[in-house]
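Both counts, for ligands and for their atoms, begin at 1 and track the order of listing.
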Amino acid sequence: MRLVLLGPPGAGKGTQATKIAARFGIPQLSTGDMLREAVASCSTHGLRAKHIMDRGELVPDDLVVSVVINRIDRSDTANGFILDGFPRTVKQAEALDQELANRDIELDTVLELEVDEDALLDRIRGRAKEAANNGKCVRSDDSPEVFKTRLDVYRAQTAPVTEYYRSRGLLNTVDGLRSIDAVTEELAAALARIPAGRTIAGSRRT
Ligand code: AMP
């Protein structure tokens, strides 16, 4: 099963992608995590991405597409994957379609978490507070100023990705304001509704 999980920053994509990945036995491919690892290891990609990420802006499409495609080409994605945080621009979505088509595979569905902006700001404050209380590092891009930039970037560059997938009949929107478990169940129910003909097991196109 090949999935994309969309939603604004702070909507709970990471949490839900982890749960869906575990339930369906597929790897979670989080571009935010992959880029943070690249930054931590001071790789060429990481050095290029660090300052952009600190500002809450998007790293260049070519960089993130190459990171994702290299990851998709690893053997653990044979039964599918859930993309978390990618694509974030229409160009990335088009590149993904092209790269998947080159491999004779396609997305099964796109899940979207819908959450209003006031709730997002509350969540992001909670996330920073919880990390601090647990003695964990607070993500530098979770500060209120950078978070505002991330929301602006989402509205301008990522929201059109939703329309891109809606127009292709792939989009399933779920209310992301409910409890974590309730959202997971709604996502699982949306996956169970994938039209016949789309592969649930992630087989190749015939
Ligand atoms: P996330 O953990 O998904 O919120 O991502 C953290 C940061 O990584 C974002 O604010 C961007 O700077 C960068 N990033 C993650 N995914 C992408 C992507 N698909 N395209 C561009 N930048 C990304």
Side-chain angles (χ1 to χ4, degrees), residues 2-21 27-73 77 81-100 107 110-115 117 119-128 130-131 136-165 176 183:
R2 299 184 193 88
L3 311 173
V4 163
L5 183 58
L6 296 177
K13 291 190 298 297
T15 304
Q16 293 300 335
T18 304
K19 289 167 77 77
I20 295 292
Q28 172 187 3
L29 274 45
S30 155
T31 43
D33 286 349
M34 290 183 231
L35 291 167
R36 279 184 287 277
E37 276 166 30
V39 170
S41 67
C42 294
S43 70
T44 323
H45 282 337
L47 294 173
R48 218 175 136 200
K50 180 175 181 349
H51 299 293
I52 303 172
M53 292 172 74
D54 284 346
R55 289 197 300 269
E57 295 166 7
L58 295 184
V59 305
D61 290 332
D62 64 326
L63 190 159
V64 76
V65 167
S66 100
V67 167
V68 167
I69 296 307
N70 284 335
R71 182 65 187 81
I72 285 178
D73 281 341
T77 63
F81 50 76
I82 179 161
L83 282 164
D84 154 20
F86 179 93
R88 261 172 153 105
T89 65
V90 169
K91 274 215 156 67
Q92 291 177 16
E94 288 168 348
L96 177 66
D97 277 351
Q98 184 59 58
E99 294 289 348
L100 294 182
L107 293 174
V110 174
L111 302 165
E112 180 198 29
L113 296 177
E114 197 173 45
V115 180
E117 288 196 12
L120 290 175
L121 285 165
D122 287 348
R123 274 198 183 176
I124 217 75
R125 285 190 202 107
R127 193 153 93 180
E130 190 187 316
K136 290 190 186 153
C137 285
V138 177
R139 268 176 58 176
S140 54
D141 60 354
D142 271 355
S143 71
E145 305 73 44
V146 178
F147 187 73
K148 197 179 162 307
T149 304
R150 289 166 62 204
L151 265 184
D152 290 344
V153 165
Y154 175 80
R155 261 185 249 112
Q157 299 188 62
T158 309
V161 175
T162 303
E163 293 313 312
Y164 178 89
Y165 287 125
V183 173

Tell me which residues fall inside the under-4.0 Å heavy-atom shell around ligand 1.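 Its neighbours under 4.0 Å (heavy atoms only) are Thr31, Gly32, Leu35, Arg36, Met53, Glu57, Leu58, Val59, Val64, Gly85, Phe86, Arg88, Gln92, Arg139, Asp141, Arg150, given by chain and number.
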Would you mind telling me which of Ile69, Leu58, Val59 makes a side-chain contact (heavy atoms from CB on, under 4.5 Å) with Val64?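 Considering Ile69, Leu58, Val59, a side-chain contact (heavy atoms from CB on, under 4.5 Å) with Val64 is found only for Val59.
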So [Y] and [X], do their side chains get closer than 4.5 Å, heavy atoms only?
X	Y	value
Leu96	Phe86	yes
Val67	Leu63	yes
Met34	His45	no

With a 4.0 Å cut-off, would you call Arg71 and Asp33 a salt bridge?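 A salt bridge is absent here (no side-chain N lies under 4.0 Å from a carboxylate O).
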Assess the side chains of Gln28 and Thr18: does a donor N or O sit below 3.5 Å from an acceptor N or O?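 Thr18 and Gln28 do have a side-chain donor-acceptor pair below 3.5 Å.
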